Amino acid sequence: MALSRLSSRSNTFLKPAITALHSPIRRHVSTDTSPITIETAVPFTSHLCESPSRSVETSSEEILAFFRDMAQMRRMEIAADSLYKAKLIRGFCHLYDGQEALAVGMEAAITKKDAIITSYRDHCTFIGRGGKLVDAFSELMGRKTGCSHGKGGSMHFYKKDASFYGGHGIVGAQIPLGCGLAFAQKYNKDEAVTFVLYGDGAANQGQLFEALNIAALWDLPAILVCENNHYGMGTATWRSAKSPAYFKRGDYVPGLKVDGMDALAVKQACKFAKEHALKNGPIILEMDTYRYHGHSMSDPGSTYRTRDEISGVRQVRDPIERVRKLLLSHDIATEKELKDMEKEIRKEVDDAVAQAKESPVPDSSELFTNMYVKDCGVESFGADRKDLKVTLP
Amino acid sequence: MAALLGRSCRKLGFLSSGHGARRSVSTETGKSLNLYSAINQALHIALDSDPRSFVFGEDVGFGGVFRCTTGLAERFGKNRVFNTPLCEQGIVGFGIGLAAMGNRAIVEIQFADYIYPAFDQIVNEAAKFRYRSGNQFNCGGLTIRAPYGAVGHGGHYHSQSPEAFFCHVPGIKVVIPRSPREAKGLLLSCIRDPNPVVFFEPKWLYRQAVEEVPEHDYMIPLSEAEVIREGNDITLVGWGAQLTIMEQACLEAEKEGISCELIDLKTLLPWDKETVEASVKKTGRLLISHEAPITGGFGAEISATILERCFLKLEAPVSRICGLDTPFPLVFEPFYMPTKNKILDAIKTTVNY
């Protein structure tokens, strides 16, 4: 069939999906509130712990919410792509389309008291934590109404009231930070956990292993999630890692390998991990996922992988299509209803973009604010802002 | 700015003065190259002339994110030109080890903003190796290359100028070229210098700066500053991409009758104090400009040293036009940068002091 024409390397990405075609989906007649049990397409692989069950408890309401949230995230990233090409977004922009299942699956398993900290590919994680579209677009375009008041940009989205600790530019730097958050949660007896997200590229940073040791030594409720999209910028995992089994890299820390394109599998794994972390300390979740865009908007994404591979994954493993099939096969929604929902979402995103475009840029005095608690009262004026007046507090 | 850069680079001619060395290279013709091509040529020559030299770092195999290492892996093989995983501390430490065995390790750090995980290796290992082993061992063959500086939209982590941190470390050298021809000669000198060197490349100029670069193997000496524009009223000192901005300010100042002398420091550690001193003794005024934040920037060191040496000859306080004391901003970059107008303003204020 067509699948055999794909290169052997692409097959590693398609294997989980091919299994999916063979495993049966249980059909239930459902109402909005009654629970449904769905089998994950791919079994979990574990290291030093038991695997969670492949049967995920969910409901038609939840699956529909998955669809809506993922479709919104997908639309947002595509809109960001166009805005970047129109030079309304400048700097660096790292898009998450393809990986949406991770953001929504994780949210379904946790509360806003649990903390999430991630790398620079943070737009969808921010939305998952309850961030508004208009705040995201404003921040991308560097406007005052952005979630970081226009001072952070694409790589630095934060949301304090939802325990979203951002948005980090330096690869791997968020990992020890995340373990620190977990320590605070344990100390304060919060009964909450921290999800520390990093990529396959960051998995080779020394700070990961330092943080893992500390987390394991002190039994911190830290869940380290390796978003393995198989490419660290342009370098494939087999070329950068001696052991690409990232869930085993913790050695003495248990790990779980999860199909990251299946929102239900992600939910199950995160639920399992949270229970584990609260009782036993750190655990690693390796999410097998894929990004359709290149590393950033400056990367076409096709010099180190074939277009066949990208379209292959899109055809067979796309997270939104998987949920769409579930909704249709379980008669939760009709095709027309889903298409209408997508149209609504498109309009929602376009409206948010338009609103964000109208927002003002931050005032130039903001250049000096929030460096210290009490800023030094610096003002700039004169030709090209050359003159500075400083009034110490 | 882009168009001016191309023209002004070709205008930067050679002017001999003070302790500046005679360099016939600047009058030679060659091929028109941009900065990344010139650096690429230097790397080809370095690897060709010494079979024990290696180039490695993140993504250098396919040519690097700025194309500086194009063609090296194909020509010299994957045993000499190879990619490393994403671990700056490991990469530099590995380079120090390789250099300690008598090889030339040419390490690339993808952006100077990411050099900090390797800071311990550079400061505590590379800089002190010869000293603490009583000259039994050294890692002189180590050269670390990193793109630095503003690029218009780089934000916090793709625009930093960290040279000041490294200038504070005895045992290493810090070199910054201003143009393609300079870069090729300086990089070859750095690679062949028997001391560990950190070589910062102005990323804004990778494509923008175009100059005639001689095709043969040539070196430009380290620790020798160059007077690139002669004048009598004020001395301006800078390095890297900032020199182009300063030159524009000099041209504007000339229209108002102020004659500016512009010096390219080239090597920041150890820096050529004599050339700058001679110039300031002639003009009586000094202005230093760099992109890095003003407090604790390298301009402070130059200012203090010149004050010690030329106190009685100074007609005005030393002026520093630098980046502001904030993290490198995103949308506020135009306010943060030491622009031509800020420099021009300072020139006039200093001259009229």
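Chain letters run A, B, ... following the sequence lines, proteins first and then strands; every chain starts at 1. Because the structure is predicted, anything quoted here is derived from the model rather than measured.
Side chains of B:Leu86 and A:Ser240 form no contact here, defined as non-hydrogen atoms less than 4.5 Å apart. Between B:Glu333 and A:Arg90 the shortest side-chain heavy-atom distance does not fall below 4.5 Å. Annotation: side chain of B:Leu324 is in contact with side chain of A:Phe368 (closest heavy-atom distance under 4.5 Å). Put simply, the side chain of B:Pro329 does not reach to within 4.5 Å of the side chain of A:Lys151, judged on heavy atoms. With contacts defined as side-chain heavy-atom distances shorter than 4.5 Å, the pair A:Thr235/B:Glu58 does not qualify.
Contact between A:Asn204 and B:Pro85 at its shortest, heavy atoms only, is ND2-CB, 3.7 Å. For the residue pair B:Asn83 and A:Arg239, the shortest heavy atom distance occurs at ND2-NH1, 3.4 Å. Here the closest heavy-atom approach between residue A:Met233 and residue B:Val65 is recorded as CE-CG1, 3.5 Å. Looking at every heavy atom in both residues, A:Leu367 comes nearest to B:Phe335 through CD2-CB, 3.9 Å.
Residue contact with chain B, scored on non-hydrogen atoms closer than 4.5 Å, is absent for A:Arg143. Contact of A:Asp200 with chain B is not made at all, since no heavy-atom distance falls under 4.5 Å. Residue A:Gln207: no heavy atom, backbone or side chain, is found under 4.5 Å from chain B. With a 4.5 Å cut-off on non-hydrogen atoms, A:Val171 touches chain B through its side chain but not through its backbone.
Between chain B and the residues A:Ala202, A:Ala241, A:Gly152, A:Ser298, the largest count of heavy-atom pairs under 4.5 Å involves A:Gly152. Contact tally against chain B (heavy-atom pairs below 4.5 Å) for A:Pro362, A:Ala173, A:Gly172, A:Ala203: the top residue is A:Pro362.
At most 12 heavy atoms of other shown residues, nucleotides or ligands fall within 6.0 angstrom of atom NE2 in A:His149. For B:Asn352, the CG atom counts as densely surrounded, since its 6.0 Å shell holds more than 12 non-hydrogen atoms of other residues, nucleotides or ligands. Within 6.0 Å of CZ on B:Arg207 lie no more than 12 heavy atoms contributed by other residues, nucleotides or ligands.
Ring planes of A:Phe92 and B:Phe111: perpendicular class, angle over 60° (limits at 30 and 60°).
For B:Tyr157 and A:His168, the gap between ring centers reaches or exceeds 6.0 Å.
One side chain, B:Glu88 or A:Gln205, offers a donor N or O that lies under 3.5 Å from an acceptor on the other.
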Stepwise side chain to side chain contact (heavy atoms under 4.5 Å, CB included) test for B:His158 and A:Met155: CA-CA 12 Å; B:His158 297 82; A:Met155 294 199 280; 3.7 Å; yes
